[in-house]
Amino acid sequence: MLAPIRTRKTPQKLEAAEALLAARPAPEGEARWAREARAAAEARLREMGAPARRDEYWKYTDPAPLLQPAPDAAPAMADDEGPLWAGTDALRLVFVDGVFRPDLSDDPRMEGVEIAPLSEALAADIHWAADLFGRLEAEGQSQVERPLAALNTACAAQGFAIRATGKAARPIDLRYVHEDPRADAMVRNLVRLEPGAELTLLEEGAVAARANMCLEVSLAEGARLHHVRAQGRDHERVGAAHIFALLDAEASFKSFTLTANGRLTRNETVVRLAGDGASAHLAGACVGDGAFLHDDTVFITHDAVGCESRQVFKKVLREGARGVFQGKILVRPGAQKTDGYQLSQGLLLTENAEFDSKPELEIYADDVACSHGSTVGAVDETALFYLRSRGIPADAARNMLVLAFLDEAVAEIEDEALADVVRARVAAWLERRSR
Amino acid sequence: MLEIRNLHVKLEEEDKAILKGVDLTVEAGKVHAIMGPNGSGKSTLSYVLAGREGYEVTEGSVTLLGKDLLEMEPEERAAAGLFLAFQYPVEIPGVGNMTFLRTAYNAQRKARGEPEVSAAEFLKIVREKAKALKIDAEMLKRPVNVGFSGGEKKRNEILQMAVLEPKMCILDETDSGLDVDAMKLVAEGVNALRDAGRAFLVITHYQRLLDHIAPDVVHIMADGRIVKTGGPELALEVERNGYSDILAEVA
């Protein structure tokens, strides 16, 4: 039981891992603990090899664009609608092509919150960062290999280390502006919330032509992190993003991701509910058209009593777009009173779209409520006719039904104001596309 | 108001004729009832008039206020003044009842070249009409028909009719699934809308709805045709003797 899934180490996988490491020298000038964490990650990656199509968790998604020496050109889309969180009062930290730009950012100071660029945090003796950096990623490898996350630990030089000791007065907004069509970015963020602390973390933007993003989250007892991310909108961008979260007792992690466009988006979320009564809600809404592949790969481990996890992932796909969902709930021995829920749904607007879904439950406790549902289908013609029969034109009626489909995921955003920003943006996309 | 001439309709998929020459004229200000046994084509007629896909008109014509109805998309028919109260109102999770109603109301106004109304103005319009149908604010907030009882769904249909103020109202088996109290509410809602500029086509299997919505003309439909037309007394005859006597008489 609980046997980890190990991939077959072909010479190609190992060579590809070497190539990934060779392309990005580890950053210099860091503290000893950071150098050790980097070296350990390198060793992990060398041992695992790079992902390959034959690996079980890459069956539906070809990792090649994430491995090739340099990304294909991905022109940045004209930003005619403005950043998503422009109207939200937040402390803004701006990256251009994956590089932090203090000149474009707010002063990173807020009461009860320490905010430091990653390079600073890794150069100093900061015990909380040392306890976090690479640790959750390494633990997240224990059941399923995630080589691109190890690569991020080994090489990422950009990002922020954020630690909150109280309730943050306003959200932190990480805005990733994409300009250079060849930009190849790697960003690592660390978030530690001390007991009872609360923070809203926003992320937005296309980042780069290729992006390897990683977020490690450690929540102490009763801490609450609210994470809302918008990945957009360049058509040709490719990227992999990992979230590793570790929750102590009564902690709460809510994460929502909106994705539009992009040739390849792989979002992996790995959560361990390690303290009694912890709760994780993960949700995603994506809208894809044409050469678009969106992959949500989720692994939630229930490792304590009375924890709750909830997954709601919705994908709207058309004209060749593909959606992938691989979601696992693992309930370890002793994790009684577990409440696990998982929903993944694909809405295919044209016949040539595809949704592959692989829900998994692995349960080693007997007093557990776990449910999962996965569906794929087209727009409900009966509902469409009903709306039209009341005078709503076909395109508007279809958009209403698409929004309604996505709304189950959007409604997972706890803050109504943020949810409304997301709703309005999606409605604008749909309206524009049907014009 | 509504002129149906020699309407022949078949199911697209099965190549099966359902309507075999329906002739019917509904005048403004009148309530016509269509009664008939199951499978006679009553509901098909309502769907064809509303523009549902899956049916092919092989012969005949339908005009609404002189305009060719069959040429129009469903939403154009609605804007032209047609309304179908569904036998089975559709549940639409994720779409709020109020949003749905306002979108429909404004879409129709826009199609007719009239200015759209604001959310606040619209709320005023709806509140009053909802009250008469005993539809509370909670029902307006909920997703369209989701979790509504049979009676609530039918009342919601009548509310849509009251708000959209169509010229030609078709009620398809609106009495099905209703208890006596709900039927009275629905009938009151319909009766309140009766006026000289509006016509109704009430499709029903039983006479009981017609106790509450008094028809001017009653048609009996069988095997895809109107086989007999008369006054309200025809409905009573059906109630007493069933359809077999009438069908034997016209056979």
Side-chain angles (χ1 to χ4, degrees), chain A residues 256 258 283-287 312-316 343-347 349 373 375 377-413 416 419-420 422-424 426-428 430-431 434-435, chain B residues 46-55 72-97 99-112 114 116 143-146 153 156-157 159-161 163-166 168-170 172:
Chain A
F256 170 87
L258 174 70
C286 89
V287 182
V312 180
F313 288 91
K314 301 265 190 160
K315 298 179 200 288
V316 176
L343 178 71
S344 64
Q345 295 184 313
L347 180 65
L349 295 184
T375 64
V379 166
D380 180 349
E381 289 296 328
T382 311
L384 192 62
F385 172 64
Y386 189 70
L387 295 175
R388 294 178 71 191
S389 78
R390 298 303 182 243
I392 302 171
D395 280 344
R398 195 170 285 112
N399 287 349
M400 275 181 103
L401 294 176
V402 170
L403 280 174
F405 169 80
L406 291 174
D407 204 65
E408 211 176 340
V410 177
E412 292 289 314
I413 301 174
E416 256 322 288
D420 283 341
V422 170
R423 286 188 183 104
V426 176
L430 294 175
E431 198 175 318
S434 57
R435 240 185 270 152
Chain B
S46 73
Y47 283 142
V48 169
L49 293 176
R52 188 175 181 140
E53 284 177 16
Y55 302 99
M72 298 183 207
E73 297 292 333
E75 56 268 31
E76 293 169 335
R77 299 178 194 209
L82 188 84
F83 182 92
L84 168 64
F86 281 56
Q87 181 179 2
Y88 304 108
V90 181
E91 296 189 6
I92 309 184
V95 176
N97 212 12
T99 308
F100 159 61
L101 263 175
R102 193 175 73 242
T103 308
Y105 186 79
N106 277 330
Q108 290 201 17
R109 288 182 69 91
K110 198 174 161 195
R112 291 192 293 258
E114 298 162 11
E116 298 182 19
V144 180
N145 293 324
V146 176
K153 283 182 182 170
N156 200 30
E157 293 292 288
L159 173 65
Q160 292 167 36
M161 195 163 89
V163 169
L164 297 172
E165 299 185 323
M168 179 72 231
C169 309
I170 304 168
D172 185 9

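Numbered from 1 within each chain, the chains take letters A, B, ... in sequence-line order.
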TODO: Decide yes or no on side-chain contact (heavy atoms from CB on, under 4.5 Å) for B:L159 and B:L101, but give the supporting numbers first.
DONE: CA-CA 9 Å; B:L159 173 65; B:L101 263 175; 4.0 Å; yes

Task: Exam field: side chain B:E157 to backbone B:F86, donor-acceptor pair closer than 3.5 Å - done: yes

Under 4.5 Å heavy-atom distance to chain A, tell me which part of [X] shows up: side chain, backbone, both or neither.
X      : answer
B:A111 : neither
B:R77  : neither
B:P143 : neither

Task: Choice from B:L82, B:T103, B:V95 maximising heavy atom contacts with chain A below 4.5 Å - done: B:T103

- [ ] Quick one: which of B:F83, B:Y88, B:Y105 has the most heavy-atom pairs under 4.5 Å with chain A, could you say?
- [x] B:F83

- [ ] Flag the one option from A:L403, A:D380, A:T382 with the top tally of heavy-atom pairs under 4.5 Å to chain B.
- [x] A:T382

Task: Interface moiety of A:A397 toward chain B, non-hydrogen atoms closer than 4.5 Å - done: neither

- [ ] Flag the pair A:V410 / A:V426 as yes when at least one side-chain heavy-atom distance between them is below 4.5 Å, and no otherwise.
- [x] no

Open item on the list: Is the ring pair B:F100/A:Y386 parallel, tilted or perpendicular, if the boundaries are 30 and 60 degrees?
Closed with: parallel

TODO: Please collect all salt bridge (charged side-chain N to carboxylate O under 4.0 Å, His left out) contacts where either partner lies in residues 396-412 of chain A, sequence neighbours excluded, each pair once.
DONE: A:R310-A:E412, A:K314-A:E408, A:D395-A:R398, A:D407-A:R423

TODO: Under the side chain to side chain contact (heavy atoms under 4.5 Å, CB included) rule, collect the residues that match up with B:P74, sequence neighbours excluded.
DONE: A:F385, A:R388

